[in-house]
Visitor: 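Structure provided below as structure tokens; questions to follow.
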Amino acid sequence: MTKRVSSVVSAPVARLAVGLAVLASALPPAVAAAAEAAPPAGRDPAVVSDWMRTAADTIAVEVDGTPPDRAFWEAYAATAVYNAVTGIEGRFAPYRWRERGPRHASSAAAAAAAAHRLLTHYFPHSAAGLDTALKDTLAKIPDGRAEREGVAFGRRAADHVVELRANDGRNAPVSFDLSLIHI
């Protein structure tokens, strides 16, 4: 014998359930619209990807060596960009740096300026192409105080990475005595 259970839902609970269903049905388009909205030009995260691609291309041309050699240079560029963006946006701790940028500075301008400064420091033969890439990036960012402060802070972030790696022993000659190998 099957026992039949009936449930009675109160009017306020029923209205709440209908309201939540309507809200849930409207949510996906609202989320999609928010996802499609472009970030402000001064904080566009695509600038980081673009400049890391520019760094990889520059390093591939400039560095004779193995992929691990190129990875070191890419890491230096990434660190400068990371410190520039984090120093302004403040969501994470910069790498071995306590500086903070102006709150309203453009983090996109800072990222581009940091990568540009670091790459032109180590690879001056690529400066003309890097200068063009920087001008192209900055042309997409509204002119004004936020852009100027972002560029200045990005340059400081790159200078700090250059200073960090000065005398780090990366290019020190290492001698190796083959007589120590026992085969």
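Bear in mind that the values here come from a model prediction, so they are computed numbers and not experimental data. What you see below is based on every heavy atom in this structure, not just the backbone, and it leaves out hydrogens, waters and symmetry mates.
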Visitor: Any non-hydrogen side-chain atom of Arg43 less than 4.5 Å from a side-chain atom of Ile88?
Guide: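 A side-chain contact under 4.5 Å exists here.
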Visitor: Could you see if Val85 belongs to whatever hydrophobic cluster contains Tyr82? Use Ile, Leu, Val, Met, Phe, Trp, Tyr and a side-chain cutoff under 4.5 Å.
Guide: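 Val85 and Tyr82: separate clusters.
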Visitor: Would you check if the side chain of His160 reaches a backbone N or O of Arg96 as a donor-acceptor pair within less than 3.5 Å?
Guide: yes
Visitor: Please step through side-chain contact (heavy atoms from CB on, under 4.5 Å) for the pair Arg117 and Val162, ending with a clear verdict.
Guide: CA-CA 10 Å; Arg117 177 75 147 231; Val162 169; over 6 Å; no
Visitor: Please step through side-chain hydrogen bond (donor to acceptor under 3.5 Å, both in side chains) for the pair His121 and Asp159, ending with a clear verdict.
Guide: CA-CA 9 Å; His121 176 82; Asp159 291 344; over 6 Å; no
Visitor: What heavy-atom pair brings Val48 and Ala111 nearest, and what distance separates the two atoms?
Guide: CG2-CB, 4.0 Å
Visitor: For residues Arg165 and Asp168, determine if any side-chain heavy atom of one lies less than 4.5 Å from a side-chain heavy atom of the other.
Guide: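 In contact.
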Visitor: Do the rings of Phe72 and Tyr76 sit parallel, tilted or perpendicular, given the 30° and 60° boundaries?
Guide: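 Judged by the thresholds at 30° and 60°, the geometry between Phe72 and Tyr76 is tilted.
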Visitor: Is Val161 reachable from Ile59 through a run of hydrophobic residues whose side-chain heavy atoms are each under 4.5 Å from the next?
Guide: yes
Visitor: Quick one: are Asp50 and Thr137 in side-chain contact, heavy atoms under 4.5 Å?
Guide: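 Sidechains of Thr137 and Asp50: no contact.
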Visitor: Are any non-hydrogen side-chain atoms of Val63 and Phe123 less than 4.5 angstrom apart?
Guide: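 Of all side-chain heavy-atom pairs linking Phe123 with Val63, at least one is under 4.5 Å.
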Visitor: Rounded to the nearest 0.5 Å, what separates atom OG1 in Thr120 from atom CZ in Arg155?
Guide: 9.0 Å
Visitor: Are Ser106 and Glu149 linked by a side-chain donor-acceptor pair shorter than 3.5 Å?
Guide: no
Visitor: Does the gap between the ring centers of Trp97 and Phe153 come in under 6.0 Å?
Guide: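 Yes - the distance between ring centres of Trp97 and Phe153 falls below the 6.0 Å cut-off.
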Visitor: Provide the closest heavy-atom pair for Glu74 versus Met52 in the form atom of the first, atom of the second, distance.
Guide: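 Heavy atoms of Glu74 and Met52 come nearest at O-CE, 3.7 Å.
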Visitor: Sequence neighbours left out, what passes side chain to side chain donor-acceptor pair (under 3.5 Å) with Asp136? Give chain and number order.
Guide: none
Visitor: Check the pair Arg145, His104 against side-chain contact (heavy atoms from CB on, under 4.5 Å), reporting the backbone distance first and the verdict last.
Guide: CA-CA 9 Å; Arg145 182 177 175 187; His104 300 291; over 6 Å; no
Visitor: Are any of the side-chain heavy atoms of Glu147 and Leu138 separated by less than 4.5 Å?
Guide: yes
Visitor: Passes side-chain contact (heavy atoms from CB on, under 4.5 Å), Glu99 versus Arg156? Steps please.
Guide: CA-CA 9 Å; Glu99 295 266 342; Arg156 286 189 8 233; 2.5 Å; yes
Visitor: How far apart are the closest heavy atoms of Val81 and Ala115, and which atoms are they?
Guide: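 Taking every non-hydrogen atom into account, CG2-CB, 3.8 Å.
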Visitor: Apart from Leu164 itself, what residues make up its hydrophobic cluster, given side-chain heavy atom links below 4.5 Å?
Guide: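 Hydrophobic cluster check, Leu164: joined to Tyr95.
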Visitor: Heavy atoms only: give me the nearest Val151-Ala113 pair and the separation to one decimal.
Guide: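 Answer, listing the atom of Val151 first, then Ala113: O-CB, 3.5 Å.
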Visitor: Can you name the nearest heavy-atom pair linking Ala84 to Ala110, along with the distance?
Guide: CB-O, 3.6 Å
Visitor: Tell me, do Leu118 and Trp51 make a side-chain contact under 4.5 Å, heavy atoms counted?
Guide: no
Visitor: Could you check if a side-chain atom of Arg100 sits within less than 4.5 angstrom of a side-chain atom of Thr86, using non-hydrogen atoms only?
Guide: yes
Visitor: Which distance, rounded to the nearest 0.5 Å, do you find between the OG1 of Thr58 and the NE2 of His125?
Guide: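 Reported to 0.5 Å precision, the distance equals 13.5 Å.
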Visitor: Is the backbone of Thr66 close enough, under 3.5 Å, to the side chain of Asp69 for a donor and an acceptor to pair up by distance?
Guide: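 At least one qualifying donor-acceptor pair exists.
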Visitor: Of the non-hydrogen atoms in Ala80 and Ala157, which two are nearest, and what is the gap between them?
Guide: O-CB, 3.7 Å
